[in-house]
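What follows is a set of notes on a single structure, which appears directly below.
In the text below, chain A, chain B and the rest are named by the order of the sequence lines, each starting its count at 1.
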Protein chains: 2
Amino acid sequence: MWTRAERKQRPTLSREQIVRAAVAVADSEGLDAVSIRRIATELGARAMSLYTYIERKEDLFDLMIDEVAAETVPEGPLPAQWREATIAIARLEREAALRHPWLIGAIARRSQTSTLGPNMLRHLELSLAALDPLPATPTEKWQIIRAVSDYTSGAVLRESRERAGTAGGHDVAHLRAMTDSGAYPRLTALLGVDRRDSFEQGLRWLLNGISPEDAS
Amino acid sequence: MWTRAERKQRPTLSREQIVRAAVAVADSEGLDAVSIRRIATELGARAMSLYTYIERKEDLFDLMIDEVAAETVPEGPLPAQWREATIAIARLEREAALRHPWLIGAIARRSQTSTLGPNMLRHLELSLAALDPLPATPTEKWQIIRAVSDYTSGAVLRESRERAGTAGGHDVAHLRAMTDSGAYPRLTALLGVDRRDSFEQGLRWLLNGISPEDAS
DNA sequence: CGCCAATCGGTACGCTGTAAACTCCCGCAG
DNA sequence: CTGCGGGAGTTTACAGCGTACCGATTGGCG
C-alpha cells in the first residue's frame with residue numbers, strides 16, 4: 001500500500017492530510033477517538049470520502065505509525081561510538097512514544113506485523129548504521145537492535161501508562177487494603193519508595209551486558 | 001473492585017465464568033471478538049446480564065489480564081540464585097503472553113494503569129522475592145524488576161506480532177521493492193539473514209549488565 | 001466534443017457499549 | 001402465612017461504529 005499512487009485529479013483531501021488529522025486527534029483524545037467519521041468531520045468531508053485514500057481503517061493506523069516513526073529517525077550525523085549512537089536512537093524512540101501515547105497501543109492493535117513504512121525502514125537502516133563500528137555479524141547486529149528496541153518499547157509502554165494514570169486516590173486506597181492484608185510483605189515495603197524513572201538505567205544495563213568492555 | 005462481594009442470591013452467571021469465556025474467545029478469535037453480546041451469547045445469557053458483574057467493558061479487560069497473570073506466578077519454590085529465579089519468572093511472562101497474544105494489546109488498550117489484581121500482586125511479590133539474595137536497596141530491586149519486565153513485554157509484543165504475521169508473500173514483495181531501491185543497503189544485506197529468536201539472548205545481556213560479576 | 005476514471009456524497013446494514021425501565025423470584029420481617 | 005426489599009436477568013432503545021454499494025460530479029485526455 002505504500003507504493004499505491006495517489007490521485008491524479010485534484011482532490012480536496014490528501015492522504016497526508018488525513019494522517020495528520022488522525023494523529024492530532026489521537027494525540028489529544030486518544031486512539032479510540034480516531035473514527036472514520038470523526039476524521040472526515042475534522043477535514044470537512046464525509047466519512048466515505050476517506051476510503052479513496054485508504055482501504056480500511058487499519059491502513060490508517062499503519063500510516064499513523066509510520067508518520068510518527070519519522071520522529072525516530074535521527075537527523076544529524078550519528079555519534080561515532082556505536083554505544084552513543086544507539087542510545088541516541090533509543091531516546092528518540094522513547095520521546096516519540098511519550099509524545100504520542102497511543103503509539104504502542106496502535107502497534108499492538110494491528111493484527112500482524114504491519115507493513116513497514118518508509119520512515120520505519122529509514123529508522124531501521126540508521127539503527128544498523130549505528131552499529132557499523134561494531135565488529136559483529138549481521139545476525140548479531142540484528143539481535144542487538146531487537147534487544148534494545150524491545151527494551152525501549154516495553155519501558156515506554158509502561159511509562160506512558162503510568163503517566164496517564166497518576167493513580168487516583170481510589171486505587172491507592174485499594175492498594176493499601178491489599179498490602180495491609182499482609183499477603184505481600186515485600187510489595188508493602190516498597191510502597192513509599194522512590195520510583196524515579198529508570199529508562200536510562202535499564203538501557204545502560206542492557207548495553208553493558210552487550211559489550212562489557214566499554215561499560216559505563 | 002477486586003474486593004466487591006459477589007452476589008448472594010443464586011445466579012446462573014458468575015464473574016469467573018464470564019472472564020473465562022472472554023479469555024477463551026480472545027484466545028481463539030482475538031481481542032476484538034470480545035464483545036459484551038458475544039460473551040453473553042457464549043454463556044446463554046443476554047448482553048445486559050453481564051453488567052451485574054462488571055461495571056463497564058474495560059473492567060472485563062482488567063479481569064482478563066489478571067486471570068492470565070495467574071499463569072505468571074511461579075508455582076514451586078524459586079531457584080535459590082536470584083538470576084535463575086528472575087529468568088524463570090521472565091519465561092513465565094513470555095509464555096503466558098505468547099499463549100494469549102491479545103494480552104499486551106489489552107494492557108496497552110487500558111487508558112491508564114489498570115488496577116492491580118490479586119494475581120498481578122502475587123506475581124510482583126514473587127518477582128521481589130526472587131531478588132531476596134541480592135544485596136540491593138528496595139529502589140534498586142524495583143528498578144531491576146522494571147528493567148527485566150520492560151524488556152520481556154517489549155520482546156513479547158514483537159514476537160507475538162511476528163507469529164501472527166508470518167509475512168505473506170505480498171509483504172515480502174513490497175520489501176524487496178523497497179530494498180531494491182538501494183536506499184536501505186544495510187537492511188538489504190539483512191534480508192536473508194538468520195532471524196532465530198533472541199529472547200533468551202537479550203535477557204542474558206540485560207542480566208549480565210545488571211550483575212557483571214556472575215555473567216554467563 | 002465524448003469518454004473515462006478519480007473523487008466525493010448519500011444511504012443502508014449489522015455491529016458496538018450501555019442507559020433506563022421492566023419482570024421475576026428468593027430470603028426474611030412481621 | 002403475607003408482604004416486601006432488593007438482586008438477577010431481560011427488554012428496549014440510542015448513538016455511534018466500519019464499510020458495502022450506488023449515484024452524482026468533474027477534470028484531463030483522446
Determine the minimum heavy-atom distance between L50(B) and I36(B), stating which atoms define it.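 That would be CD1-O, 3.8 Å.
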Will you find, in the side chains of W82(A) and D132(A), an N or O donor that is under 3.5 Å from an N or O acceptor?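 No, because no side-chain N or O of W82(A) sits under 3.5 Å from a partner of the opposite role on D132(A).
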Could you state the atom-to-atom distance from [atom1] of [X] to [atom2] of [N] in whole Å?
X      : N       : atom1 : atom2 : value
I18(B) : dG17(C) : CD1   : P     : 14 Å
E29(A) : dG16(D) : CD    : P     : 14 Å
L50(B) : dG7(D)  : CG    : P     : 19 Å
R38(A) : dC17(D) : CZ    : C1'   : 14 Å
R15(B) : dG7(D)  : CZ    : P     : 15 Å
L31(B) : dG17(C) : CG    : C1'   : 15 Å
R46(A) : dG23(D) : CZ    : C1'   : 16 Å
L60(B) : dT16(C) : CG    : C1'   : 14 Å

Counting the atoms with a prime plus P, OP1 and OP2 as sugar-phosphate, which does S49(B) contact under 4.0 Å by heavy atoms, base, sugar-phosphate, or nothing?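 Touches a base.
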Just do the side chain to side chain donor-acceptor pair (under 3.5 Å) check on R146(B) and S198(A) with the steps written out, would you? CA-CA 8 Å; R146(B) 282 202 292 191; S198(A) 55; 3.3 Å; yes
Close side-chain approach of E71(B) to H100(B), heavy-atom, < 4.5 Å: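 They are in side-chain contact.
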Indicate yes or no: at least one non-hydrogen side-chain atom of L203(B) is less than 4.5 angstrom from one of R94(B).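 Heavy-atom side-chain distance check fails, nothing below 4.5 Å.
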Return the set of residues passing ring-ring contact (aromatic ring centres under 6.0 Å, His included) with F199(B) (not counting sequence neighbours), or none when no residue passes.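 Applying ring-ring contact (aromatic ring centres under 6.0 Å, His included) to F199(B) gives Y151(B).
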Under 3.5 Å, which protein N or O atoms sit close to an N or O of nucleotides 19-21 of chain D? Give each pair with its distance.
| from | atom 1 | to | atom 2 | distance (Å) |
| --- | --- | --- | --- | --- |
| dT19(D) | OP2 | Y51(A) | OH | 2.7 |
| dT19(D) | OP2 | K57(A) | N | 2.9 |
| dT19(D) | O5' | Y51(A) | OH | 3.4 |
| dT19(D) | O4 | R37(A) | NH2 | 3.2 |

